Student: 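Could you have a look at this structure, given as C-alpha cells, before my questions?
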Amino acid sequence: MATSDPGREGTGAPNAASGPERAGTGGRDAASDPGRPPGDMLPPGVPLLSNAELAAIFHEIGDMLEVQGELVFKTVAYHRAADAIAHSPVEVARAYREGHPPRIPGVGAAISKKLLELATTGRLAFHERLRAEVPPSLVALLEIPGVGPRTVKLLHEQRGIETLDDLRRAAEAGHLRDLRGMSERTEAAILDGIAQLDRRQQRMRLGEAERIVEGIVAELRDTPGVHALVPAGSFRRRRETIGDLDLLASTDDPGALVGRFVAMPSVDRVLGSGPHKASVRLHEGPQVDLMVMPPGEEGTYLVHFTGSKEHNVRLRSRARERGWSLSEKGYLRLGPDGEPLTGDAAELRTFATEGEAYAFLGLAWVAPELREDRGEIEAAAEGRLPQLIEPADLRGDCHAHSDWSDGVHSIEQMAEAARARGYAYQALTDHSFGLAIARGLTPERVLEQRAVVVALNDRFAREEDAGRAPAATPAEGFRLLHGCELEIRADATLDFPDEVLAGFDLVVASLHVSRRQPREQLMARVLAALRSPHVDILAHPAGRMIGGREDLDLDWDTVYAEAARTGTLLEINGSDHRLDLSDERARAAIGHGCLLSIDSDAHRVEELDSVRWGVATARRGWVEASGVANTWPRDRLLDWVRRKEERLV
DNA sequence: GCCGTTTTCGGCCCGACTGTTTTCAGTCG
C-alpha cells in the first residue's frame, strides 16, 4: 500500500522519467529551471504555500472544529492529515498545481479537494468561514495547560470569553466558579496555566535533552529497588527537538522511586503524582514524566512510552484486529463484544522485552528511531525493515574545523581526537576566505596549512610503523585529509579557483551568505557546486538552524537528482543545531539514489561526538550503512573523489 | 473525515490522573 512509502509516487513521477541519463543534455535545462513547470502555468500572483503552511491551516481547522464540539474523529482526521502533509517529501501545493496530487495517507476526497483549492487560489473558503465562527484568539486558549476544547467551548458559550485577557479577567473576578464542573480551584488552575504560558520553554535540542536526562538518571540510579532507568519518548526516538522528557523505571519499590523523583532539587513543581507515575517541571524548564514498570513486564511499557503516539495507535489497531487490546500493561484478550474479558475470563499477556511484544503482533522489532508511522509497521510485518546504520559503521569524519579558521582546537588536537576514536581519517575542512566572519583561509594560507597536515601524517605513519598508534587505530592506519569548507558565493561562483581546489584531498561546499535569494538563484548556486568536479560533499544542504534559520528555498527533487548524477555526497550534519539533511530529506535523497556522508562539523574536540546525532538522524531516515560514504575505507572514499574529477573535468 | 483480504457503512486506541462529583468528564500523553 502507498502508506508504506507516502508520496513516493508523487516524488518519482516528474523525475523518474527525466532521471540521470537525461540530465546531462535535455535535462540540463529542466534542472537549471527549478521553477518547473514554466511559470506561465502557475496562477499569477498566487503564492505557493509550503507544506508547513498547509499543515498549519489543517491543524487550525482541526482545533476550530474541536472547539465547536465537532465529532472527535473528524477533528483527529484533520490533524492526522496535517501531520502527513507536513512530513510529505513532496512539495504538496506544487504537485497539486501541476496536476499530479500525491497519494498522502490520511488525505481523502474531502481534504484533497481543499488542498486543490489552497494550491490554486492560496485560500480556502471553508477555513475562512470557520475563522469567522471561531476566532483564532479562542483557538489560542487551547495552549493553556489543562484547558481543552470542551472547556474553551463552555467558556465561549457561557461567558462570552474570546481572548486570553477575557479569560484572565473572568478568572480573577471569580466569574467562572459557577460554571458546571468548575470551582474556585479551577479558576486558580486556569490563572496558573496562563502564567505557565508566559514562561513556556521552547523545545530542547538533543544534546540538552541528553544532559538533563543523564543527570536525573544519575540522581535516581541508586534508589532502593531500582533495576533500570530508561529514557523513553521522543528522546529515545531521537527526534530533532524534544519537548517533554520521559523516564521509565523498572523497580520493586515504586513508592520509594516516585517519592525521590518528586523531591529532586532540580524540581520546580510537581504537576502530578500517583503510585506508578509522576510528572514534574524542572527549574530549567522541561517537564519530566516518570513511569514505573513491573520487573519482568517491561516490553509493552517500553513500546508504549517510547511512542510515537501514531505508531502506538497503529499497533493497538493491529492488536484489536487480532482480538487483543494493547496498553502499556500488556495485551488483554477481547471478548465477542469487543471489550476486554473480565473476571475469571480475563487474560493478560505481558513480555519482558520489546522484541517479544512486537513478535506477539507478528512484527519484527522496530528500532525506536523508526517509530513514527511512516511505513515501519508494514515493513516490520513483511520482514523488510532496513539494516540501519550504527555509529560504529563510521570510519571517518569528512567535516571538521581547527583554530586556523573558526574552530577552537589546533589541527593536531582535532586529528589526535579523531585518531583516538578509531577513525581511519578525518578531513580538515577549514573555511575558505569568502566567509570572512569565520576567518576563512586564503589560497596562501591553504598551502601553509597543507605543510602542517603533511608533517602530521608523516608522524602518524611513523608511529603506526613503530606500533605506537592508539589502540583503536584500524588496520589501514589514520590519516588527516586536507580539505576545505568551500563557500558558494552569492553570484554562484566558488570561492577558490579550480587549480586551488584540485590540490585538496576532499572539498566540502556550503552556502552561508545571501540565503534569502529567490529559489532560482539559490538553485543556480547549489547546482554550480554539485557540478564542480572538485566538490565532493554538499554540507548542511538545507542551511537551517533548528529553532533559528529556516531552510533554504530549494527545489529538492532537482538537488537530489543532480547530486546522484554527479556523485556528490549530501551531508547529514551531526551538530544538534543543524541535523541537516533532516531525517525525511535523507530518506528522500537515498530514494533518489544519492550517497550521504555523516559528519560532525566539529569546531572543538568535544564536538566530534556530534556524529551520533547525525547517525540517529540517518536512522530516522531509514538509512543503511551502504548509503553512507564515510563508512567506507579511506582508499575507497578517495577513489570515489578522484573518479568524480575524472568524469566531470 | 478516513478507510476497508473480516466492512463502501460503521467503525475509528488506551489508561492515569485530576477535580468535581455521587458515577463521571475532561485533559494529557
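All values derive from a computational prediction rather than experimental measurement.
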Student: Can you list the residues that meet the side chain to side chain donor-acceptor pair (under 3.5 Å) rule with A:R544, with sequence neighbours excluded?
Tutor: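 Testing A:R544 for side chain to side chain donor-acceptor pair (under 3.5 Å), a comparison that skips the adjacent residues, returns A:E240.
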Student: Nearest whole angstrom, please: distance from the C1' of B:dG1 to the CG of A:L130.
Tutor: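 The answer, rounded to whole Å, is 13 Å.
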Student: Tell me the partner of B:dG15, counting only Watson-Crick (N1-N3 plus N6-O4 or O6-N4) or G-U wobble (N1-O2 and O6-N3) with both under 3.5 Å; none if nothing fits.
Tutor: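 The answer is B:dC28, by the H-bond criterion.
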Student: Is any side-chain heavy atom of A:H577 closer than 4.5 Å to a side-chain heavy atom of A:R205?
Tutor: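 SC-SC contact between A:H577 and A:R205 confirmed.
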Student: Pick base, sugar-phosphate or nothing for A:V147, based on heavy-atom distances below 4.0 Å to the nucleic acid.
Tutor: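 Answer is sugar-phosphate: A:V147 comes under 4.0 Å of backbone atoms only.
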Student: Any side-chain N or O of A:R103 less than 4.0 Å from the OP1 or OP2 oxygen of B:dC3?
Tutor: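 Yes, because at least one side-chain N or O of A:R103 sits under 4.0 Å from OP1 or OP2 of B:dC3.
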Student: Within the sub-3.5 Å range, which N or O atoms of nucleotides 14-16 of chain B have a protein N or O partner, and how far apart are they?
Tutor:
residue : atom : partner : partner atom : Å
B:dC14  : OP1  : A:R320  : NE           : 3.2
B:dC14  : OP1  : A:R320  : NH2          : 3.1
B:dC14  : OP1  : A:S325  : OG           : 3.0
B:dC14  : OP2  : A:R320  : NE           : 3.4
B:dC14  : OP2  : A:R320  : NH2          : 3.0
B:dG15  : O3'  : A:K329  : NZ           : 3.1
B:dA16  : OP1  : A:K329  : NZ           : 2.4

Student: So what does A:R180 touch, heavy atoms closer than 4.0 Å: a base, only the sugar-phosphate, or nothing?
Tutor: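 Nothing, no heavy atom under 4.0 Å.
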Student: Is the shortest heavy-atom distance from the side chain of A:R238 to the side chain of A:T617 under 4.5 Å?
Tutor: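 No, every pair of side-chain atoms sits at 4.5 Å or beyond.
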Student: Under the criterion side chain to side chain contact (heavy atoms under 4.5 Å, CB included), which of A:V217, A:I216, A:V213 is the partner of A:L229?
Tutor: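 Per the side chain to side chain contact (heavy atoms under 4.5 Å, CB included) rule, the option paired with A:L229 is A:V217, out of A:V217, A:I216, A:V213.
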Student: Could you run through nucleotides 6-11 of chain B and give me one letter per nucleotide, 5' to 3': B if any protein heavy atom sits under 4.0 Å from the base, S if only the sugar-phosphate is that close, - if neither?
Tutor: ------
Student: Among B:dG26, B:dC2, B:dG29, which nucleotide sits nearest the side chain of A:A77?
Tutor: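 My answer, after comparing the listed nucleotides, is B:dC2.
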Student: For A:A109, answer base if it contacts any base atom (sugar-phosphate contacts may also be present), sugar-phosphate if it contacts only those atoms, and nothing otherwise; contact means non-hydrogen atoms under 4.0 Å.
Tutor: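 Since only primed, P, OP1 and OP2 atoms lie under 4.0 Å of A:A109, the category is sugar-phosphate.
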Student: Any base atoms under 4.0 Å from A:T186, or only sugar-phosphate, or nothing? Heavy atoms, all strands.
Tutor: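 Here A:T186 touches the backbone only, sparing every base.
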Student: Show me the donor-acceptor pairs within less than 3.5 Å that the side chains of residues 62-74 of chain A make with the rest of the protein, sequence neighbours left out.
Tutor:
residue : atom : partner : partner atom : Å
A:D63   : OD1  : A:H79   : NE2          : 3.4
A:E66   : OE2  : A:H79   : NE2          : 3.1
A:Q68   : NE2  : A:E133  : OE1          : 2.7
A:E70   : OE2  : A:K74   : NZ           : 3.3

Student: Any base atoms under 4.0 Å from A:V72, or only sugar-phosphate, or nothing? Heavy atoms, all strands.
Tutor: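 Nothing, no heavy atom under 4.0 Å.
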Student: Considering only distance and modelled atom types, tabulate donor-acceptor pairs under 3.5 Å from the side chains of residues 147-157 of chain A, sequence neighbours left out.
Tutor:
residue : atom : partner : partner atom : Å
A:K153  : NZ   : A:E157  : OE2          : 2.8
A:H156  : ND1  : A:I161  : O            : 3.2

Student: Can you say whether the rings of A:F351 and A:F360 are parallel (under 30°), tilted (30 to 60°) or perpendicular (over 60°)?
Tutor: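 The arrangement is tilted - the two ring planes meet at 30° to 60°.
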Student: When we call it a touch if two heavy atoms are under 4.0 Å apart, what does A:Y78 touch: a base, just sugar-phosphate, or nothing?
Tutor: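 Answer is sugar-phosphate: A:Y78 comes under 4.0 Å of backbone atoms only.
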Student: Can you list the residues that meet the ring-ring contact (aromatic ring centres under 6.0 Å, His included) rule with A:F235, with sequence neighbours excluded?
Tutor: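 Here no residue qualifies.
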Student: Determine: side-chain N/O of A:R150 to OP1/OP2 of B:dA25, distance under 4.0 Å, yes or no.
Tutor: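 For B:dA25, neither OP1 nor OP2 has a side-chain N or O of A:R150 closer than 4.0 Å.
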